[in-house]
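Single-structure report; data block below.
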There are 2 protein chains.
Amino acid sequence: MEFLNDMALFVEVVKAKSFRGAADIIGMPNSTLSRRISALEKMIGLRLLHRTTRKIRLTEAGQIYYERCKRIVDEAKLAHEQLGEMLAQPSGILRASLPVDFAVTYMTPLIAEFARLYPSIVFDFDLTSRRIDLMSEPFDVAIRIGELENSQLIARPLAVLPVYLYASSRYLERSGEPAEPADLAHHECLGLMKTSEWTLHDGVHTTKVSIGSRFTLNSVRMICRLAALDMGIIMMLEKIVADDLASGRLRRVLPQWHGTPVPVYAVTETRLLPAKTQHFIKFLQEHLSKV
Amino acid sequence: MEFLNDMALFVEVVKAKSFRGAADIIGMPNSTLSRRISALEKMIGLRLLHRTTRKIRLTEAGQIYYERCKRIVDEAKLAHEQLGEMLAQPSGILRASLPVDFAVTYMTPLIAEFARLYPSIVFDFDLTSRRIDLMSEPFDVAIRIGELENSQLIARPLAVLPVYLYASSRYLERSGEPAEPADLAHHECLGLMKTSEWTLHDGVHTTKVSIGSRFTLNSVRMICRLAALDMGIIMMLEKIVADDLASGRLRRVLPQWHGTPVPVYAVTETRLLPAKTQHFIKFLQEHLSKV
DNA sequence: TATGATTGCTCCATTAATGGAGCAATGAAT
DNA sequence: ATTCATTGCTCCATTAATGGAGCAATCATA
């Protein structure tokens, strides 16, 4: 059951009506070709080609075999062309895992635009706050915010987005407006999960502040709501708090300082990606960096 | 264009839903299988299987590819089964080159019987006195009388037939009856082509006699006719002269002596023979030795 | 929760396939 | 008739594929 390749070689030889000719076409030394065809004949137990030193002619068996082989090889080529189209023509279902709040705010308009560009792609998004296991779950791609843990996964950077500090006016009135990063140590700093310190930059200096909070939670949206309800200071991506900022529910704290810009990655389980995934990632790379 | 085999492996893996399982079925170490599938994916540029350490699942591309591959591999198997039938089920055209006089006398009844046994075989016989070049002419088999020259051809012995000396009574009356082999030197000895000596045996002794003749010719039939017309002594296969013997046109000379038995061979260009040829040679082997 | 069996993958000594050069045989052209 | 280019095949040093053992990860079972 290891003769399929030799069938393809046989087809080439018959087409070229010559071993050397076929070898040149395939790009293979004629010695190999000759041996491979002989091996094929030996395995079948029948002579396929009648060879003179100058000519080759199909035997009766060879004639029959050639007809079959040609069909098979052509079909194989077709199958691969079809796969090639999957690489070239984006289509199919794109399954992606997205960080819920980031996706809602930053990605929704991009996804809408992408969907308009590629009408053949159907989408299956899983918006979640957990980092799903790409190895075991059938996602084509996952978007990850922040630095990545080590893994076998392939990560492609999409953008690096700035983060700033925000709080409600009422909170600041009540707890006092921080004048420098160190002041944050005495504030309620609402971080995601169990964040223990924030790193701040002012363009020249970098400083780290230990932070504490009564809340441990994994919802960006809820952190923002808490901040809007005067519960503390948050470090957040710009667009997430755009509405709260516009309505005055939140305003920037330490405006000359900003947090370490957050990298956004597209993570896949393999580099061998269908066109839909490739285009999706490329699109995000091109557009996310501009927002 | 060297991926056909891997397609077959891929089909097995999908069928077995496991690399190790498929490897066992194929009889191949799983390491090889794993590498081959990976190579296939790399060459296509798409992941076909979604692997966990415990399970594999087809990707979208893999699903499509599998459908195609399965058809292709099945067709290939079918093509080989069909060839296998050519090996098992004798049919098709049997092209044979036969020595004309030997064929007429010895082979005709056998051929008739063989044709009855295998109704699917059609025959194309070339009766000739020359030894055709099997390498360049499209014969499945050639029957050769006498020792063979060295060549790349494959020879299978069919029979070893006795030859005796014959002449017409009139010739013997005129030229005298030889009493011992040496007497032949003074007789007209009609050999095929330019035969220069005859070897004779009496069961105990072997002796060689130089012979001469005014005739050089390549027709066994004509030599017999010449002998019947009192032109000399011939050394001939029994059956060829059976009629002449029965009608009294010829009778044995030196009846206690006989020539070196003549081997009969079936010669083919290759050992990879279709069933029709294999059966034909086997049939001749079994029946020619009995005549 | 802990254990054991099983999965697919990786490492590296062994084995098999490869491919360049040379060969005799052939056929076209002189 | 003779030359010369070309054919398919064979030889053997080089290269690539193979396959057994071990690995971490995983799932079923207790």
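Computed from a prediction, not measured in an experiment: that's the story for all the values here. The basis for the numbers below is simple: all heavy atoms, side chains too, and nothing from hydrogens, waters or symmetry mates. The sequence lines fix the lettering, A, B, ..., with proteins before strands; numbering per chain opens at 1.
The interatomic distance linking B:Asp24 (CG) with D:dG19 (C1') rounds to 13 Å, in whole Å. D:dG20 atom C1' lies 11 Å from atom CZ of B:Arg20, rounded to whole Å. In this structure, CZ of A:Arg57 is placed 18 Å from P of D:dT7, rounded to the nearest angstrom. When the P atom of C:dT26 is taken as reference, atom NE2 of A:His50 falls 13 Å away, rounded to whole Å. In this structure, the CG atom of A:Asn5 is 19 Å from the P atom of C:dA16, given to the nearest Å. Distance A:Glu2 CD to D:dA17 C1': 11 Å, rounded to the nearest Å. For the pair B:Glu269 CD and D:dG8 P, the computed distance is 14 Å after rounding to whole Å.
The side chain of B:Phe19 approaches C:dC9 more closely than any other nucleotide in the set C:dG22, C:dC9, D:dC27.
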Verify side-chain contact (heavy atoms from CB on, under 4.5 Å) between B:Asp126 and B:Leu98, making sure each step is shown before the conclusion.
CA-CA 6 Å; B:Asp126 180 59; B:Leu98 312 176; over 6 Å; no
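The two atoms that bring A:Tyr265 and A:Glu147 nearest to each other are OH-OE1, 3.6 Å, heavy atoms only. Here the shortest heavy-atom pairing between A:Met7 and A:Cys69 reads CE-SG, 3.5 Å. Summarising the geometry of B:Leu148 relative to B:Ala155, their closest heavy-atom pair is CD1-CB, 3.2 Å, with the distance given to 0.1 Å.
For the segment residues 28-42 of chain B, residues with any heavy atom less than 4.0 angstrom from an atom of DNA chain D are, sorted by number, B:Pro29, B:Ser31, B:Thr32, B:Arg35, B:Arg36.
Rounded to the nearest 0.5 angstrom, B:Asn30 CG and B:Phe19 CZ are separated by 9.5 Å.
In terms of polar N and O atoms assigned as donor or acceptor, the side chain of A:Arg51 never comes within less than 3.5 Å of the base of D:dG8 in a complementary pairing.
The aromatic rings of A:Tyr118 and A:Phe114 are tilted relative to each other, their planes meeting at an angle between 30° and 60°. Between B:Tyr65 and B:Phe10, the ring planes are tilted. Angles from 30° to 60° get that label.
Look at B:Ser18 and you won't find any side-chain N or O under 4.0 angstrom from OP1 or OP2 of C:dT6.
Between A:Lys55 and B:Ile56, the residue whose closest nucleotide on DNA chain C is further toward the 5' end is B:Ile56.
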